[in-house]
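Inspection log for the structure reproduced underneath, given as structure tokens.
For ligands, and for the atoms within them, numbers begin at 1 and follow the listed sequence. Here the structure is a predicted model, which is why all the values come from computation and not from measurement.
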Amino acid sequence: MANRSETATALARLTDFVTPQAIHVISSLGIPQVLADGPLPAEEIAQRVGANADALNRLLRFLTTKEVFSSDAPGVYGLTDMSILLSQEPLATLLSSNMTYKVFAELRHTILTGQPAFQQVYQGEYFEELANNDKERRRFEASMAYRSAALFRGVEQLVDTEQATTVADIGAGGGQLLARLLRARDGLQGLWFDLEEPLTAAQAHLQQAGVADRCTFAVGSFFETLPNGADLYTFASVLHDWPDHVVGDILRRCREVIPPAGRLVILEQLLDGAPTTVYGQDVNVMVMLGGRERSVEDFRKICLSSGFEVSRVRLNRTGVSALEAVPA
Ligand SMILES: C[S@@+](CC[C@H](N)C(=O)[O-])C[C@H]1O[C@@H](n2cnc3c(N)ncnc32)[C@H](O)[C@@H]1O
């Protein structure tokens with residue numbers, strides 16, 4: 001057992017409220033980028049980013065104790081491996097957002113009520129707010145592209161496209177999944193479906209992947225209707241954004257358009273097989289959207305109540321897992 005002072009030190013690391021905000025502020029001011037050509041005095045950095053020199057100097061001095069910056073002379077700051085990473089995408093965009101901090105300040109609201117703190121803070125839903133906030137939208141897209149690039153590695157082996165002619169990806173975002181599936185199988189057609197906002201980035205991504213000519217794009221909301229014409233429907237990191245009854249509604253809409261021999265594939269980090277980092281993601285979607293991460297059994301129940309039967313599960317501990325279902 002650790003002694004009391006070691007425990008207090010470990011606890012202090014968990015209760016430090018300065019560091020995350022400090023990193024957000026230096027990221028939003030673009031300070032790592034300002035230092036790209038070499039160390040500068042705090043006054044010079046402050047002048048370039050429009051900050052107060054004394055306050056900034058004290059913040060940067062603090063961040064040297066966390067190895068975020070180096071300082072070989074008093075009041076002069078340079079990059080470290082950490083701030084080099086912070087100067088690059090996607091972290092530069094991801095950490096410059098303030099929305100998540102504001103919402104997590106109201107975490108208590110979620111814990112007391114079970115409702116997403118986001119709605120309490122912004123008086124609306126997350127995706128509605130993103131539609132009206134370009135900066136946060138860009139941050140969300142950068143975070144999804146970053147996350148999906150890692151999560152979808154090898155996803156072609158999890159989604160069986162052999163029997164399909166058209167795959168409709170619902171809530172397809174930047175198009176990362178469709179690009180991978182279409183590249184993996186010549187002749188497969190794709191149908192991208194999402195809200196308006198990610199359309200342009202998705203078209204560019206599929207174009208770049210060389211498969212845009214096999215893809216159609218449909219803008220719409222899965223709260224109204226789902227597109228028909230596909231025999232394979234995929235939902236990747238979409239259903240974890242919503243509570244059970246909403247997921248049930250979305251899947252019922254999918255059941256209305258899917259052909260009798262069609263298949264549904266849900267790609268999520270299933271609780272049964274995911275690394276423990278999924279528990280952080282579970283809290284994140286609870287607070288921001290009222291969603292949750294789920295086990296195979298959780299999905300089995302929702303599928304059954306929506307007219308689907310789970311026919312195959314492929315667990316993957318390093319990325320997304322795949323749960324396949326067919327009309328019951
Ligand atoms: C967490 S992202 C996942 C994106 C993509 N599937 C991926 O894994 O990279 C959730 C997606 O759901 C979309 N979305 C949210 N509400 C929607 C709605 N009502 N109808 C259609 N798509 C929606 C968002 O725009 C976003 O692209």
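One option in D194, L195, L151 has a heavy atom closer to atom 25 (O) of ligand 1 than any other, and that option is D194.
Counted by atom type alone, N316 and S321 present zero donor-acceptor pairs between their side chains at under 3.5 Å.
Aromatic pair F127/F140: centroids less than 6.0 angstrom apart.
Using a 4.0 Å cut-off between charged side-chain N and carboxylate O, R252 and D249 make a salt bridge. Looking at R139 and E136, a side-chain N of the basic residue comes within less than 4.0 Å of a carboxylate O on the acidic one, giving a salt bridge.
Of all non-hydrogen atoms in G248 and S306, the two that sit nearest each other are O-OG, 3.4 Å.
Of all the heavy atoms of F222, the ones lying under 4.0 Å from any atom of ligand 1 are found in both the backbone and the side chain. Residue-level proximity to ligand 1 for S221 is carried by backbone and side chain together, each with a heavy atom below 4.0 angstrom. The part of F152 lying near ligand 1 is the side chain, judged by heavy-atom distances below 4.0 Å.
Residue P198 has no nitrogen or oxygen atom sitting less than 3.5 Å from a nitrogen or oxygen atom of ligand 1, judged on distance alone. Distances between N or O atoms of M144 and those of ligand 1 include no value under 3.5 Å.
Taking 4.0 Å as the cut-off, A172 counts as a neighbour of ligand 1 on heavy-atom distance. Judged by the shortest distance from any of its heavy atoms, A145 lies outside the 4.0 Å radius around the atoms of ligand 1.
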Can D244 and K301 be said to form a salt bridge (charged side-chain N to carboxylate O under 4.0 Å, His left out), step by step?
CA-CA 10 Å; D244 287 356; K301 283 188 197 141; over 6 Å; no
Before you tell me yes or no, could you show the steps for R138 and E141 under salt bridge (charged side-chain N to carboxylate O under 4.0 Å, His left out), namely the whole-Å CA-CA distance, both residues' side-chain angles and the distance that decides it to 0.1 Å?
CA-CA 5 Å; R138 278 198 299 279; E141 282 169 5; over 6 Å; no
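Ligand 1 places these atoms under 4.0 Å from at least one heavy atom of G220: 20 (N), 21 (C). Against a heavy-atom cut-off of under 4.0 Å, S148 is close to the following atoms of ligand 1: 7 (C), 8 (O), 9 (O). Under a 4.0 Å criterion applied to the non-hydrogen atoms of D241, ligand 1 contributes the atoms 1 (C), 10 (C). Of all atoms in ligand 1, listed by their number and element, those nearer than 4.0 Å to a heavy atom of F140 are 2 (S). Counting atoms of ligand 1 from 1 in the listed order, those under 4.0 Å from a heavy atom of F223 are 19 (N).
In terms of protein heavy-atom proximity, atom 1 (C) of ligand 1 is nearest to S237 O, 3.1 Å. For atom 4 (C) of ligand 1, the nearest non-hydrogen atom of the protein is G171 O, 3.4 Å.
Interatomic distance, S87 OG to I26 CD1, rounded to the nearest 0.5 Å: 9.5 Å.
Remark: R180 is not positioned above the aromatic ring of F152, lacking an NZ or CZ atom under 6.0 angstrom from the ring centre and at most 45 degrees off the axis.
Ring geometry for Y101 versus H24: interplanar angle of 30 to 60°, hence tilted.
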